[in-house]
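We're numbering straight along the sequence, starting at 1. These numbers come from the heavy atoms of this one structure, side chains and all, not from hydrogens, waters or symmetry mates.
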Amino acid sequence: MTVPESTYRVQLRPEFTFSDAAGIAGYLRDLGIGALYASPVLDAAPGSTHGYDVVDPTRARPALGGEGARQELAALLKELGLGLVVDIVPNHMSVEVPKANRWWWDVLKHGRDSEFAASFDVDWDSGPILLPVLGDDDAVSELSVEGDELVYYDHRFPVAPGTEGGTPQEVHGRQHYRLAGWRRGNAELNYRRFFDITTLAAVRVEDPKVFAETHGEVLRWVADGDVTGLRVDHPDGLADPGGYFRRLRENAPDAWIVAEKILHPGEPLPQSWPVDGTTGYDALREIAGVFIDPAGEPDFTALANELGVKTGYHRVEAEARRLVTDRILVAEVRRIAAQLRYVDPEAARQAVAETMIAFPVYRSYLPEGAAHWAAAIDGARRARPDLAEPLAMLDAVMRKNPDSELATRLQQTSGMVVAKGTEDTTFYRYTRFAALNEVGGNPDRFGLGVDEFHRLAAEREAGYPAAMTTLTTHDTKRSEDTRARMAVLAEVPGEFAQAVRRWTARRGIDEPSLNLLAWQTLVSTWPIEPARLRDYLDKAAKEAKLRTSWTDHDEAFEADVAAWPEDVMNDAELAADVEAFVKRIEGPGYANSLGQKLVQLTAPGVPDVYQGSELWDFSLVDPDNRRPVDYAARRELLARIADGERPEIDASGAAKMLVVHKALRLRREHPALFRGYRPLRAEGAAAAHCLAYTRSADLAVAVTRLPVGLEAGGGWRDTVLPLPPGVWTDVLTGREVTGDLVTLFERYPVALLVRGDV
């Protein structure tokens with residue numbers, strides 16, 4: 001199996017093509033990376049900036065350079081000894097521009113008789129395919145016919161053979177689809193989609209023929225040795241994730257396969273999945289959590305309550321999920337409920353909705369994970385005892401026939417409810433301490449203890465040593481360095497609370513949860529361009545769905561939010577106050593960044609470095625995290641470090657480059673050092689501020705945690721880290737060291753130690 005020692009994620013797009021990726025391949029090799037990890041590379045919707053909206057799975061995307069450029073990139077990576085990991089999207093295809101997707105175009109033209117009718121998950125018995133693209137239903141009067149196409153402004157749709165003639169409205173009435181007002185989509189859509197995005201139609205890869213058609217090209221690349229690994233997007237949306245992964249593994253037996261599976265704390269990866277692990281959100285939660293001081297929780301809770309931010313996490317989450325089941329994924333819930341025979345339709349709908357609201361994890365995989373299903377049913381019964389009878393029938397059907405359409409669809413949809421309700425809504429409403437509000441995170445658990453971290457790291461080494469680990473992805477709510485600086489706030493909660501009171505009195509936002517989120521975001525990304533912060537807050541406000549949303553706008557509120565960044569930064573006194581506070585937490589934030597990065601790069605798993613994050617990266621949620629990366633500056637800096645420079649810890653981020661480079665090179669050149677896992681425990685007054693472990697007998701890692709408290713307590717003083725006998729050298733500084741932490745951390749707050757002549 002081709003397991004890389006590490007990966008480097010790049011976001012391919014028309015502005016950064018296969019050829020551009022080839023242009024940084026040498027830099028990645030010099031940095032120490034083991035494999036280039038690319039965003040989806042199959043043909044995508046016109047102008048796509050991310051590639052998850054595939055329109056043709058049978059060819060490399062022309063906008064990235066097409067097949068020729070793909071082959072050139074693959075050949076270069078092989079020459080350099082680098083692997084290539086490709087992100088694949090089995091759950092859905094883009095239908096936003098129907099003519100760009102020949103499969104969808106054919107389905108619209110021929111309906112059930114299309115050769116691709118079985119490719120999409122359409123409820124054919126409900127009538128023509130509903131396409132909610134019109135301004136409103138009355139806009140059907142604005143249709144026109146041009147040749148064999150029905151036209152609505154810049155939207156074009158096929159006219160079925162034999163239905164030509166008559167007015168455009170008459171032609172429209174004879175098609176296999178119906179154009180309707182866009183607001184009807186959530187309630188009446190009759191094809192499965194990706195979350196609430198009607199332009200992403202779900203694909204039935206559970207059908208072997210559809211699997212072959214959608215995966216044939218990528219699997220050819222795997223067979224040719226051009227692709228060494230696969231990252232599988234959103235497997236929880238599939239009808240049978242376990243069956244899908246078994247088929248994928250049969251066709252790619254030697255590939256490294258990781259699944260974008262979001263695990264809640266304590267949730268195991270399904271044992272029947274023949275994958276190498278997850279894409280690392282569980283590791284992110286653990287690594288970030290151990291750098292958060294749980295002592296800050298009471299002050300943050302008090303501040304949130306004082307400002308009017310709700311602090312009952314599970315209540316906020318239930319409200320957000322109910323919003324999803326009752327207003328956003330209405331069509332999906334109704335389609336599931338219709339499978340519950342002999343039950344009043346409304347009672348069935350409510351029973352299905354309540355069960356998904358109560359899910360403790362993203363989804364169950366019956367008959368595996370029956371305990372999660374039982375917990376969901378029990379939670380629904382407690383919330384709605386009046387639904388006891390339909391819930392009992394639902395439970396019975398699910399357990400008796402876990403392969404039924406009802407069971408399949410409910411399990412597919414529960415992950416959508418959880419993700420949309422929790423990640424995309426609750427995380428923007430429950431803003432008590434936003435560093436915890438991360439994909440795979442659990443915001444009501446304030447930090448992670450050292451002992452628990454060690455236990456979980458050892459479990460990963462024992463169970464999934466080839467799982468991906470990450471700190472930043474294209475889907476994270478904020479980048480690793482933004483999160484690391486924000487974590488410092490948990491060590492100075494009183495100071496931050498006083499500052500927020502002052503700042504809010506001077507220029508607050510008239511919505512409590514967004515106001516608290518805005519100040520946390522400002523100090524953790526300072527100095528940020530006003531336009532970037534404005535765009536982030538606009539998205540945060542709309543995702544929260546409290547004062548405004550993507551579909552129902554409060555224009556006055558949105559204008560006030562848009563003005564907030566410049567108002568704050570143009571207020572000299574306020575801006576100076578913010579800047580002074582940032583100066584207080586900046587250094588500890590750097591220490592957290594270096595600590596969590598070294599842990600991620602050396603702990604069990606295959607570490608991924610997100611594009612550009614080898615230097616400080618204070619990014620926010622997408623699209624902010626897809627901004628161009630200055631590789632020329634990074635090449636220059638890497639060359640200096642490779643020549644022996646030991647940079648200071650400053651705003652340049654050079655110290656982080658040093659940590660990344662040294663750890664990755666050691667990992668690639670001496671992989672045997674990174675086997676096994678055993679905690680190392682410091683002794684002395686400041687022992688709680690050191691996180692340390694060994695991998696092999698000849699490699700040890702030590703990092704500083706909770707640096708503000710460390711300084712306040714008088715520093716390391718007599719604290720020591722008992723190292724195994726032998727001569728130990730810190731790879732970061734080149735110095736021989738002992739376990740005296742005052743000298744070990746004299747130059748950097750982290751140490752990467754090797755024993756002997758390694």
Side-chain angles (χ1 to χ4, degrees), residues 91-93 95-96 98 101 103-134 136-137 139-140 150 152 155 157-160 163 169 171-207 210 237-239 324-353 356 390 394 397 404-414 416-417:
N91 181 71
H92 53 267
M93 294 175 69
V95 297
E96 182 174 14
N101 186 327
W103 294 13
W104 186 248
W105 185 265
D106 198 76
V107 168
L108 296 183
K109 187 170 185 176
H110 298 288
R112 277 182 163 171
D113 294 330
S114 168
E115 63 176 306
F116 301 107
S119 299
F120 300 97
D121 192 354
V122 178
D123 181 4
W124 291 107
D125 294 334
S126 65
I129 300 174
L130 184 81
L131 301 180
V133 300
L134 305 180
D136 55 52
D137 285 348
V140 71
L150 193 63
Y152 175 71
H155 298 278
F157 307 90
V159 171
T163 65
Q169 292 71 36
V171 172
H172 173 236
R174 296 195 291 269
Q175 303 311 309
H176 298 288
Y177 56 86
R178 289 290 180 273
L179 306 182
W182 63 271
R183 287 187 179 274
R184 291 175 57 185
N186 285 344
E188 301 178 38
L189 204 72
N190 54 358
Y191 60 88
R192 192 165 57 84
R193 55 186 166 168
F194 174 70
F195 292 90
D196 61 340
I197 305 174
T198 58
T199 56
L200 294 177
V203 179
R204 298 182 61 254
V205 293
E206 63 270 23
D207 183 323
V210 177
L238 304 180
V324 173
T325 60
D326 293 359
R327 291 175 51 187
I328 297 176
L329 298 179
V330 179
E332 286 78 3
V333 173
R334 286 176 178 167
R335 190 173 180 183
I336 297 165
Q339 297 294 318
L340 197 56
R341 312 297 183 189
Y342 313 114
V343 177
D344 174 76
E346 178 57 20
R349 186 200 68 78
Q350 292 183 35
V352 169
M356 291 194 289
L394 177 62
V397 172
S404 66
E405 182 176 356
L406 184 149
T408 297
R409 293 197 181 283
L410 191 147
Q411 291 177 101
Q412 284 179 293
T413 308
S414 69
M416 295 161 61
V417 171

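The main-chain N or O of R204 is never found under 3.5 Å from a side-chain atom of D121 such that the two would form a donor-acceptor pair. In terms of modelled atom types and a separation under 3.5 Å, the side chain of R341 and the main chain of A338 share a donor-acceptor contact. Side-chain atoms of R192 never come within 3.5 Å of backbone atoms of R409 as a donor-acceptor pair (strictly under, hydrogens ignored). One N or O on the side chain of Q175 and one on the backbone of A160 form a donor-acceptor pair closer than 3.5 Å. Using a distance-only test at 3.5 Å, with no hydrogens or angles considered, no donor-acceptor pair links the side chain of R184 to the main chain of L189. At distances below 3.5 Å, not a single donor-acceptor pair connects side-chain atoms of E206 with backbone N or O atoms of L238. The main-chain N or O of G181 is never found under 3.5 Å from a side-chain atom of D136 such that the two would form a donor-acceptor pair. With N190 contributing its side chain and P128 its backbone, the two residues share a donor-acceptor pair below 3.5 Å.
Within a 6.0 Å sphere centred on CD of Q412, other residues, nucleotides and ligands contribute more than 12 heavy atoms. More than 12 heavy atoms of other residues, nucleotides or ligands shown are found within 6.0 angstrom of CZ on R174.
Contact between V330 and A187 at its shortest, heavy atoms only, is CB-CA, 3.9 Å. Considering every non-hydrogen atom in both V159 and K109, the closest pair reads O-CE, 3.8 Å. Between W103 and M93, the closest heavy-atom pair is CE3-SD, 3.8 Å. Nearest heavy atoms, D125 versus R112: OD1-NH2, 2.5 Å. Contact between A347 and V343 at its shortest, heavy atoms only, is CB-CG1, 4.3 Å. Between W124 and A117, the shortest heavy-atom contact is NE1-O, 3.9 Å.
For F194, the ring pair (Phe, Tyr, Trp, His ring centres under 6.0 Å) partners are H92, H234, not counting sequence neighbours.
Relative orientation of the Y177 and H172 rings is tilted, given thresholds of 30° and 60° on the angle between their planes.
Rounding to the nearest 0.5 Å places CG of L179 at 5.0 Å from CZ of F157. Within the model, atoms CG of L406 and CG of L394 stand 6.0 Å from one another, a figure rounded to the nearest 0.5 Å. Within the model, atoms CE of M356 and OG1 of T325 stand 6.5 Å from one another, a figure rounded to the nearest 0.5 Å. The OG atom of S114 sits 9.0 Å away from the NE2 atom of H176 when rounded to the nearest 0.5 Å.
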Decide yes or no on side chain to side chain contact (heavy atoms under 4.5 Å, CB included) for F116 and N101, but give the supporting numbers first. CA-CA 11 Å; F116 301 107; N101 186 327; over 6 Å; no
Could you walk me through whether T198 and Y191 satisfy the side chain to side chain contact (heavy atoms under 4.5 Å, CB included) test, starting with their C-alpha distance in whole Å, then the side-chain angles of each, then the deciding distance to 0.1 Å, before giving a yes or no? CA-CA 9 Å; T198 58; Y191 60 88; 3.9 Å; yes
For salt bridge (Lys or Arg N to Asp or Glu O under 4.0 Å), just list the numbers for D137 and R183, CA-CA rounded to whole Å, side-chain angles, deciding distance to a tenth of an Å, and then say yes or no. CA-CA 9 Å; D137 285 348; R183 287 187 179 274; over 6 Å; no
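Inter-residue side-chain proximity for L131 and L108 is flagged as met; some heavy-atom pair is nearer than 4.5 Å.
Checking each of D326, I336, L340, D344 against R349 for a side-chain contact (heavy atoms from CB on, under 4.5 Å) leaves exactly one that passes, namely D326.
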